[in-house]
There are 2 protein chains.
Amino acid sequence: MGTGMVAKNIAPRIAELGHDVTLATRNKEETLSRPGNGNNPSFGDWYKDHTNLKLANLSELGDADMYVNATNGKGTMDFLNAIGAEKLKGKTLIDITNPLDFSNGMPPTLFVCNDDSLGEQIQRAFPEVNVVKSLNTLTAPLMLNPEKLNSDSTVFVSGNSEEAKKQVRSLLEQAGWKNNHIIDLGDITTARGTEQWLALWVRLYGHLQTPMFNLAIVK
Amino acid sequence: MGTGMVAKNIAPRIAELGHDVTLATRNKEETLSRPGNGNNPSFGDWYKDHTNLKLANLSELGDADMYVNATNGKGTMDFLNAIGAEKLKGKTLIDITNPLDFSNGMPPTLFVCNDDSLGEQIQRAFPEVNVVKSLNTLTAPLMLNPEKLNSDSTVFVSGNSEEAKKQVRSLLEQAGWKNNHIIDLGDITTARGTEQWLALWVRLYGHLQTPMFNLAIVK
């Protein structure tokens, strides 16, 4: 779900791990004609090199084992509503998005936090979907490539369905996350913790001048 | 400042590092007669073993090079107001407290977050004090004993005064924090990051079943 920077990072990697991947967009033609900016090539140019990925309008989506929410946080609810609860029913939805609010300038604040989270909002709006919050604690190029860092670091899963978390954990392990560095924080309310980590993440980004970092839990 | 669990952990350690330490309380007699609870001895019993630490009412406080806010977050402003801006003027105040709100049960939420922080509130209320947010990211027994963990981890400083941050960094290094693991996040607004880390910290505490952990930043 989504065709932005995050989707363009993780979709090819999930395909590389042996899965069939479809990029879901609301308007294929618009996505393919979207211009590039700065160092980023246009989606159309990028897509020419990634023809192993399908690109589909929401109405064309086939059945899937797993959905990945890689839309912009602010646009997530509209996007999910456009797909519809019926399509997502009973499925695992990995929510890798953060509720970042850039409307007050940089660094961003969060448009939901403290006693709620975007993960919970999605779960409440789609009670029959198995939402698993994960991977939202790091930059897209590291999400499924933890080996790019100098030493082992930690990733989290939050969700109400043990079965869905198992499925996500399996994908994470396939991508190189070590089992003992994948922490299951508990139910979907624990997404509050990983989403609010962003408040420290954005300050670390400012200090380190690179998004290529992660936290490791040390005991 | 304070005579609770945090103060009882760090005050003896700061004394051990060679500093004269006074525990500041609003009512010595009340503090000394406060009963213990559970595994915690009463303050009076504890104090018998720590007679190298002075205990003083706020009116008796002498001059100090550095103040440490180890009061309860909710009580911080009242406590600082009781000491008074004149006493604190020009001094370094290490704020190790978190704005934890237990009124809605466990785990706690934060009574200030997102676009503000307790560190900033103190700085705004006492503009002539040099507030340095630090050490609030870990449990009291680890604050000045980082060697208790199995490997190096990270600690942060946030504040507007470079001079005051230098003074705090020096104390941290004395306590065993390695220079390259002390991250200066920037001005006092960056306290939002370390205070909101608590949202993840409380969930990790739930998962790990011990507060004896910290984060390490991995690049």
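Letters go in sequence order (proteins before strands), and every chain restarts at 1. The structure displayed is predicted, hence computed values, not measured ones.
Annotation: maximal heavy-atom pairing with chain A below 4.5 Å, among B:Ala216, B:Ser151, B:Ser153, occurs at B:Ala216. When each of B:Thr194, B:Asn150, B:Asn114, B:Ile183 is scored by its heavy-atom pairs under 4.5 Å with chain A, the top score falls to B:Asn114.
Other residues, nucleotides and ligands contribute more than 12 heavy atoms inside 6.0 Å of the CG atom of A:Asn180. Sparse packing is recorded around CD of B:Glu86, with 12 or fewer heavy atoms of other residues, nucleotides or ligands lying under 6.0 Å away. Other residues, nucleotides and ligands contribute over 12 non-hydrogen atoms within 6.0 Å of the CG atom of A:Asn179. A 6.0 Å sphere centred on CG of A:Asn40 holds more than 12 heavy atoms belonging to other residues, nucleotides or ligands. Within a 6.0 Å radius of NZ in B:Lys148, more than 12 heavy atoms belonging to other residues, nucleotides or ligands are found. Within a 6.0 Å radius of CG in A:Asn81, more than 12 heavy atoms belonging to other residues, nucleotides or ligands are found.
If you measure heavy-atom distances from A:Thr189 to chain B, the contacts under 4.5 Å come from both the backbone and the side chain. Neither the backbone nor the side chain of A:Asp101 comes within contact range of chain B, judged by heavy atoms closer than 4.5 Å. Residue contact with chain B, scored on non-hydrogen atoms closer than 4.5 Å, involves the backbone and the side chain of A:Leu204 alike.
Listed for the A:His207 side chain is a donor-acceptor partner under 3.5 Å among the backbone atoms of B:Asp184.
If you take CZ on A:Arg203 and OG1 on B:Thr190, they are separated by 6.0 Å, rounding to the nearest 0.5 Å. In this structure, CG in A:Leu200 is found 11.5 Å from CD in B:Glu195, a value given to the nearest 0.5 Å.
Smallest separation of non-hydrogen atoms from B:Arg192 and A:Ala199: O-CB, 4.1 Å.
Taking the side chain as every heavy atom from C-beta outward, A:Leu215 and B:Trp197 approach each other to under 4.5 Å. Taking the side chain as every heavy atom from C-beta outward, A:Asn214 and B:Lys219 never approach each other to under 4.5 Å.
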> When you look at B:Val218 and A:Thr154, which way does the side chain to side chain contact (heavy atoms under 4.5 Å, CB included) test go after all the steps?
Replying inline: CA-CA 10 Å; B:Val218 175; A:Thr154 305; over 6 Å; no
